[in-house]
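Note that the structure is a prediction, hence the values are computed from the model and not measured.
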Amino acid sequence: MPEKTYRDALKDGLREEMIRDERVFIMGEDVGLNWGGAFKVTKGLADEFGEARVRDTPISENTIAGTAVGAAITGMIPVAEIMFGDLITLAMDQVCNQAAKMRYMFGGQTSVPLVLRTVFGGGKNIASHHSQSLESWFMHTPGLKIAVPAFAYDVKGLIKTAIRDPNPVLFLEHKLVYDKKEDVPDEDYTVPFGQAKVRREGEDVTVWGTFFMLHKALEVADELAKDGISVEVIDPRTLAPLDKKTLIESVKKTGRLVLVTEETKTGATTAEIAATVQEEAFDWLDAPIKRVNAPDTPVPFSPPLEGYFIPDNKRIAQAIREIV
Amino acid sequence: MPEKTYRDALKDGLREEMIRDERVFIMGEDVGLNWGGAFKVTKGLADEFGEARVRDTPISENTIAGTAVGAAITGMIPVAEIMFGDLITLAMDQVCNQAAKMRYMFGGQTSVPLVLRTVFGGGKNIASHHSQSLESWFMHTPGLKIAVPAFAYDVKGLIKTAIRDPNPVLFLEHKLVYDKKEDVPDEDYTVPFGQAKVRREGEDVTVWGTFFMLHKALEVADELAKDGISVEVIDPRTLAPLDKKTLIESVKKTGRLVLVTEETKTGATTAEIAATVQEEAFDWLDAPIKRVNAPDTPVPFSPPLEGYFIPDNKRIAQAIREIV
Amino acid sequence: MTVDKKTLKELYTRTLKVRRFEEKVWDLFGENVVPGTLHLYLGQEAVAAGVTTALKKTDWIQSTHRGHGHVVAKGADMNAALAELLGKETGSCKGKGGSMHITQFNVGVLGATGVVASGLPIAVGAALSCQMRGTDDVVACFFGDGASNNGTFGESLNMSAIWKLPLIWIVENNLYAMGTPIKMMCPSATIAQRADGYCIPNVVVDGNNALAVYEATVEAVKRARAGEGPTLIECQTYRMKGHSRFDAAKYRPEKETKYWLSEERDAVRIIREMAIEQGALTETQAEKIDAKISKDVEKAADFAKKSDFPKPEETLDDVFAEVA
Amino acid sequence: MTVDKKTLKELYTRTLKVRRFEEKVWDLFGENVVPGTLHLYLGQEAVAAGVTTALKKTDWIQSTHRGHGHVVAKGADMNAALAELLGKETGSCKGKGGSMHITQFNVGVLGATGVVASGLPIAVGAALSCQMRGTDDVVACFFGDGASNNGTFGESLNMSAIWKLPLIWIVENNLYAMGTPIKMMCPSATIAQRADGYCIPNVVVDGNNALAVYEATVEAVKRARAGEGPTLIECQTYRMKGHSRFDAAKYRPEKETKYWLSEERDAVRIIREMAIEQGALTETQAEKIDAKISKDVEKAADFAKKSDFPKPEETLDDVFAEVA
Ligand SMILES: Cc1ncc(C[n+]2csc(CCOP(=O)(O)OP(=O)(O)O)c2C)c(N)n1
Ligand SMILES: Cc1ncc(C[n+]2csc(CCOP(=O)(O)OP(=O)(O)O)c2C)c(N)n1
Ligand SMILES: [Mg+2]
Ligand SMILES: [Mg+2]
């Protein structure tokens with residue numbers, strides 16, 4: 001099985017789906033010929049599929065999202081891109097009021113098979129308008145499915161599931177994960193929505209996290225193993241639907257839970273997970289659920305500031321040590 | 001002390017601040033002469049202060065919010081209105097990327113003394129685009145203060161605090177609360193941010209909630225008192241800053257917590273509160289924290305559906321009974 | 001353009017049908033069986049009639065918050081339409097949408113929406129889909145004078161122009177957005193001239209004259225089907241009633257209402273007389289058509305009233321389409 | 001218009017200053033001491049120089065993501081500007097903002113912003129504030145060709161027109177938005193003509209000719225101060241480098257780059273020769289000014305490099321202004 005970057009695995013997934021189903025097309029700012037996406041995910045696809053199916057758009061986020069909605073309900077399967085997750089602020093009406101609610105408010109008359117890709121996260125010193133992690137807004141939006149792939153194998157399988165799903169899927173990526181490598185089959189395969197993956201088994205404490213923080217959590221788990229602390233690490237893979245079962249089973253085993261994401265703390269996805277787990281596994285918890293998040297500030301620019309902002313291995317390890 | 005509706009108390013607060021400080025002005029769609037706001041909060045103010053200071057705008061939500069930002073950083077104190085909370089989706093960039101972050105990303109060079117009023121909530125059978133409760137999005141946005149007045153006395157005192165605060169304040173109202181009456185002083189007074197109010201003292205269980213649900217919770221507390229269940233009801237009054245202390249002290253006393261809001265459940269403000277309380281008062285909790293919220297669906301139109309969607313006294317009472 | 005008699009008759013029939021439908025809605029509203037709010041189409045019937053008569057069944061229309069007329073003119077089942085307004089399970093949206101989301105997908109309605117100007121991007125997407133799938137279908141997108149001040153207007157007009165989409169932009173300029181006169185919010189004499197900036201051919205027509213609207217639309221449809229891109233048609237018209245349920249529209253100057261609400265300017269009278277004059281219809285035929293429509297509307301009202309409300313638990317249905 | 005010699009000299013000085021500043025940034029970037037990304041202003045200097053020379057100190061400018069040139073031309077302290085780019089605590093934003101948020105409020109910069117087109121609404125608000133406070137200050141708002149396709153463009157132009165705001169819209173049409181040629185995304189020959197739709201006087205000028213930009217701005221400022229409302233000036237120009245840090249701009253046709261990057265079209269050369277020709281400057285004086293600027297820039301670079309990084313914990317500062 002060839003080793004591939006997350007970026008290439010994602011591109012493979014897009015490519016294979018475009019070959020499989022001619023209704024699938026890509027649209028977004030600079031996704032096409034001259035650039036291939038700000039993070040080069042779609043590079044080369046315009047050459048292969050033409051500029052109509054890998055379509056550059058004006059800088060019109062709300063209309064990009066709305067165009068995807070209109071195309072989706074009339075027989076196409078758009079994969080639209082918002083260049084940076086911070087800019088989805090401009091498309092919230094089309095994403096949250098239209099795409100997410102349309103099937104419901106029309107009583108099931110239509111469905112909205114679109115994928116909206118965007119990228120979250122810091123670590124690139126590009127400051128407050130290009131580094132946020134806003135996934136919790138969408139977890140709080142009924143009608144959206146949300147994929148949060150953090151590994152190359154998953155990203156290919158999940159983009160295929162997203163494209164084949166008849167509902168609007170928000171497909172979230174992370175800037176620091178594009179270069180991560182993993183063995184990725186060349187064949188067609190899908191990764192199901194709503195199934196978390198236990199990335200490492202452990203006995204003493206469960207760690208649940210997303211994106212780059214998942215990679216850090218795995219490093220921390222390795223470190224702590226040396227001290228005899230056995231950490232189980234869970235990757236949700238999708239936030240909606242959310243696999244509570246895998247998580248709760250793990251917590252029932254370990255009795256302890258640490259949640260790690262790069263979001264600012266108040267109102268993060270970690271709040272929802274903590275609330276749910278204490279609701280459903282109260283009697284199994286031996287310690288308070290810990291949340292490791294960024295502080296409640298915008299994302300700062302300067303390296304020492306951004307370094308402080310983003311949770312690091314030390315903070316993750318410390319949170320774990322506090323409750324085991 | 002005269003009894004006043006929430007609507008009139010709010011208008012009084014706005015009026016008095018406009019008299020006190022000529023930098024204060026109101027802007028929004030149909031806030032002025034011909035309408036006076038969709039919920040008539042600003043009715044009459046344009047006659048009194050003129051159309052420049054009670055300024056009708058085009059239907060341009062993002063630019064309304066941005067105009068408030070630009071005016072705020074150059075010496076004015078705008079009180080801008082987004083007619084329905086659902087439409088703030090169109091203004092998310094200016095609210096969350098600009099107003100909230102500007103002071104921070106410019107290293108404290110400026111501050112953004114604006115108030116953005118909007119209204120949330122269902123109960124009026126006006127369906128998915130006019131009934132949402134989206135406050136948790138903003139609780140997850142560092143840099144915003146958030147007032148959630150549910151009573152007439154508070155709304156007057158809080159709007160004054162909001163207008164005098166040098167930071168961007170999201171001032172959230174609720175459709176079904178405008179007609180609620182209470183004794184409201186004619187004099188100038190403020191209600192501080194970050195101080196919750198214990199609306200009813202009790203021993204057996206703490207209920208924390210917002211807006212119309214707070215009124216319901218108080219009714220339920222009355223009912224349950226007849227069965228000998230003593231309910232303490234807490235009104236946060238502001239979500240940011242959040243008064244954790246009052247809440248945690250209450251939970252340490254009662255050992256039980258029920259959270260009640262009209263938001264859809266996943267990712268609601270109740271998630272954050274539950275996560276915080278289990279983090280900070282784990283050892284005092286005698287039962288899992290219960291969340292009473294709307295189901296994870298858009299808001300439906302038809303009365304029996306909307307009636308099912310919005311938490312009612314029965315569901316609140318049931319959640320309380322489950323843990324006491 | 002010379003129009004055939006069949007078309008004239010059809011224009012009369014559609015204009016009248018919308019009129020009678022809306023009169024019935026007004027009655028039902030008086031009977032207090034319509035939950036929530038309403039935006040009646042009374043007065044603007046000629047626009048919907050003129051536009052839809054120029055379309056074929058598989059062409060699409062995008063509606064607004066003032067959508068009853070669009071949907072009925074496009075051929076909606078009136079039973080399902082009225083039942084929807086009453087929140088019944090037999091409604092086209094199963095009671096989930098109501099007035100602001102009244103939609104019948106199967107006759108080519110992309111949707112009615114509560115967010116002003118949110119239909120424009122969706123129309124772009126539908127038109128793009130028509131183009132990419134190689135159909136000869138076109139999309140007509142209705143929106144108000146007020147909507148033309150929202151950001152999606154420029155974004156969507158531009159996208160339709162650069163991609164030469166089969167799209168007809170229909171501005172229903174009824175001189176007001178709620179209580180706000182368009183002349184306060186628009187510096188130019190017409191909205192149509194904004195299309196010049198996007199090189200979109202545009203025309204202003206009498207929106208109370210169904211034939212004038214029809215003729216302009218036929219031209220636009222021709223261009224669209226020929227791959228020559230979008231057209232914008234500004235239809236100048238007037239509401240007979242207030243903006244919504246409880247608005248008495250007292251802000252409109254008497255001189256203006258006198259002119260616009262005169263017998264002379266009445267949309268039904270205009271097309272009826274024209275049809276009779278040109279021999280497309282006799283008085284008797286006209287009466288017969290009216291009687292038939294009135295009976296159908298009456299029946300639909302009966303159907304709607306007799307229908308059951310949805311069951312409360314149906315609140316939970318229709319959020320997601322099943323994955324195949 | 002005849003310009004005095006002092007103005008010509010000033011135009012030369014500002015154009016050159018921006019040039020030398022950006023060349024230094026390019027060097028520093030080569031030394032790998034500039035974190036994150038960069039959008040250089042090289043090539044467009046005449047726009048910032050021409051516009052700001054027509055303004056007085058208390059007038060405001062609104063910048064963009066490509067903001068170094070605007071800020072420097074408006075009179076920014078170069079030490080604080082370069083230190084900000086390097087993420088130092090002596091930076092104007094204390095290292096919190098960096099290149100995309102480089103801002104000096106005290107010389108009349110409302111802000112640089114990472115969200116394309118987000119400055120337009122803010123400029124509207126600042127201009128409204130200037131008007132309401134009865135000052136004679138004006139606001140000049142810079143934005144790109146790409147930005148003109150965002151929804152805020154129409155919303156903001158419209159608001160500035162209906163309120164006759166003292167606002168000058170400066171489109172810097174550098175023919176590209178990232179890799180996307182404006183001619184692909186804009187159906188008209190100029191962006192300026194979109195202003196006609198809002199009855200805003202507009203003009204296209206050579207954006208590499210500081211004098212032409214200056215003269216157009218002077219006219220616009222005159223109108224603005226006289227209460228006659230906004231003007232739009234399209235400055236046609238070209239980037240010397242790629243869009244951002246690692247873009248080699250290979251997508252630009254050779255013929256085009258040859259023309260635009262020729263000695264002939266060089267902004268510094270153009271204004272320098274004009275100034276010398278018209279006797280405003282001798283060769284020697286021109287050299288002297290250059291030497292002085294170069295030294296200042298050198299010093300600023302030294303200052304920036306020698307400055308300390310902020311302390312990590314400063315991440316937590318500057319979210320909120322203290323309540324008085
Ligand atoms: C984005 C948005 N802003 C505000 C509102 C509240 N609102 C509903 S209808 C309306 C006026 C719309 O005017 P226009 O587009 O002219 O349509 P008309 O009602 O005249 O048919 C407003 C402001 C809304 N629903 N959506
Ligand atoms: C709203 C928004 N969309 C997309 C981006 C990503 N982006 C940054 S600069 C840019 C191009 C802007 O083009 P233009 O307005 O012409 O300015 P220029 O870079 O040419 O100066 C894009 C697409 C962004 N920052 N903000
Ligand atoms: Mg209107
Ligand atoms: Mg450009």
Fill in the blank from the handout: Most contact-rich option vs chain A, by heavy-atom pairs under 4.5 angstrom, among B:Glu280, B:Glu272, B:Lys265, is B:Glu272

Handout entry: A:Ser302 portion near chain B, given a 4.5 angstrom heavy-atom threshold
Key = neither

Exercise for the section: Please determine, among A:Pro288, A:Ala240, A:Ala100, A:Ala274, the option with the most heavy-atom pairs under 4.5 Å with chain B. Expected result: A:Pro288

Fill in the blank from the handout: Most contact-rich option vs chain B, by heavy-atom pairs under 4.5 angstrom, among A:Asp93, A:Asp296, A:Ile273, A:Val277, is A:Asp93

Problem - Whether A:Glu279 side chain and B:Arg291 backbone form a donor-acceptor pair below 3.5 Å - result: yes

Handout entry: Which atom of B:Ser128 lies closest to which atom of A:Tyr104, heavy atoms considered
Key = OG-CD2, 4.4 Å

Exercise for the section: Could you check A:Lys101 against B:Val299 for side chain to side chain contact (heavy atoms under 4.5 Å, CB included), going step by step and ending with a plain yes or no? Expected result: CA-CA 9 Å; A:Lys101 294 179 172 53; B:Val299 187; over 6 Å; no

Fill in the blank from the handout: Given B:Thr141, B:Leu242, B:Thr266, B:Thr270, the one with more heavy-atom pairs under 4.5 angstrom with chain A than any other is B:Thr266

Problem - Winner by heavy-atom pair count (cut-off under 4.5 Å) against chain B, out of A:Glu263, A:Gln132, A:Gln94 - result: A:Gln132

Practice task
With the side chain counted from C-beta on, respond yes when A:His129 and B:Met105 share a heavy-atom pair under 4.5 Å apart, and no when they do not.
Solution key: yes

Problem - Interface residue of largest heavy-atom contact number with chain A, from B:Pro295, B:Ala281, B:Gly143, B:Ala287, under 4.5 Å - result: B:Ala287

Handout entry: A:Ile289 CD1 to B:Phe282 CZ distance, which is reported to the nearest 0.5 Å
Key = 7.5 Å

Exercise for the section: Find the one option among B:Cys96, B:Ala275, B:Ala127 whose heavy-atom pairs under 4.5 Å with chain A are most numerous. Expected result: B:Ala275

Handout entry: Listed partners of B:Lys290 passing side-chain hydrogen bond (donor to acceptor under 3.5 Å, both in side chains), at least two apart
Key = B:Glu322

Problem - B:Asn62 side, atom CG; A:Asn62 side, atom CG - distance, nearest 0.5 Å - result: 9.0 Å

Handout entry: Partner chain A: residue of B:Ser136, B:Gly107, B:Ala91 with the largest heavy-atom pair count (under 4.5 Å)
Key = B:Ser136

Problem - From B:Met92 atom CE to A:Met92 atom CE, the distance as rounded to the nearest 0.5 Å - result: 4.5 Å

Problem - Sidechain-backbone polar pair: A:Asn97 side chain, B:Asp86 backbone, donor-acceptor under 3.5 Å - result: yes

Problem - Region of A:Asp286 that comes under 4.5 Å of a non-hydrogen atom in chain B - result: backbone

